[in-house]
Amino acid sequence: MQLVLDLLHETMSSPWVYLALFAVAVVDGFFPVVPSETAVITAGVFAATGQPALPLVIVAAAAGALVGDHMSYAIGRRGGGRLLTRLPAQGRRRAVYAWASRGIALRGGLILAVARYVPGGRTAVTMTMGATRFPRSRFLMFDALAAGTWGIYSALVGYLGGLAFEQDPLRGLLLGLGLALSVTVIVETARWAHRRARPLPAMVEPGAEVPSAMRDCDRVPGAGPPPTPEAGAR
């Protein structure tokens, strides 16, 4: 264990750590299995000892997140609709993208800030915004706010853990990761409670016209128009 801590100390003391944080945050924008938040929290823990510098950790993380989000947006804009239609209809990823579509319709660019604390939400929202041709200038404005607050939050969570256990970075890291996990659980619980509290749509009589909002609320951008009753009969 001491060997691991020594390796982490050496890595965090290197000036290259800022470039590494930037690169990890970029890749996480369109390949969400890369643990950018864990990397930033770890850097924040060691920043409590003086190396790396906390302000530079925040800047590197936020800048990387901003670039990664724009790459995801570009992917969605160029062919995201076709990619999303290939997702399994009942799969979790399809449900996340459907949630992103509803969030964009209801909250616009502000959904970018919330999406960072939903598993898989960041990529789903940015790619869906590209697929729906959300204005690029507004995307930049809202995403700069979201990336900046995420960088500050992730680095400070680690920094607080490092201050609490200055002589034991491992415990500080565990505390930081625990705080981040708690925030994710709170956000997911709030989303679950909101879905439970949302009233079910009223029953529609046979032959009556279905409101467009009810028809489209769970569709993924690029999926095409819903089938008509005549098409279903054939």
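All values below were derived from every heavy atom in this structure, side-chain atoms included, with hydrogens, water molecules and symmetry-related copies excluded.
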Margin query: Leu54 and side-chain contact (heavy atoms from CB on, under 4.5 Å): which single residue from Leu156, Val59, Ile152 fits?
Written below: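 Output: one option passes, namely Leu156.
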Next item on the list: Among Thr49, Val17, Val45, find the one that has a side-chain contact (heavy atoms from CB on, under 4.5 Å) with Met12.
Entry: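 Option passing the side-chain contact (heavy atoms from CB on, under 4.5 Å) with Met12: Val17.
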When hydrophobic residues are tied together by side-chain contacts of less than 4.5 Å, even through go-betweens, does [X] share a cluster with [Y]?
X      : Y      : value
Val67  : Leu145 : no
Leu56  : Val40  : yes
Val125 : Leu110 : yes

If you look at every heavy atom in [X] and [Y], which pair is closest and at what distance?
X      : Y      : answer
Ser72  : Gly29  : CB-O, 3.4 Å
Leu163 : Ala48  : N-CB, 3.7 Å
Tyr18  : Ala53  : OH-N, 2.9 Å
Ala39  : Val24  : CB-CG1, 4.4 Å
Ala25  : Ser36  : CA-CB, 3.9 Å
Leu175 : Ala164 : CD2-CB, 3.8 Å

Starting at [atom1] of [X], measure out to [atom2] of [Y] and round the result to the nearest 0.5 Å.
X      : Y      : atom1 : atom2 : answer
Phe30  : Ile75  : CZ    : CD1   : 6.0 Å
Ile111 : Thr126 : CD1   : OG1   : 12.0 Å
Tyr159 : Ile58  : OH    : CD1   : 10.0 Å
Met129 : Arg136 : CE    : CZ    : 13.0 Å
Phe134 : Leu112 : CZ    : CG    : 7.5 Å
Met127 : Thr132 : CE    : OG1   : 12.0 Å

Note to self: So does Leu140 get a backbone contact from the side chain of Tyr73, meaning a donor-acceptor N/O pair under 3.5 Å?
What the structure shows: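 Answer holds: no.
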Check: Donor-acceptor pair, Arg122 side chain versus Ala65 backbone, under 3.5 Å?
Finding: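 Flag set: sc Arg122 to bb Ala65 pair under 3.5 Å.
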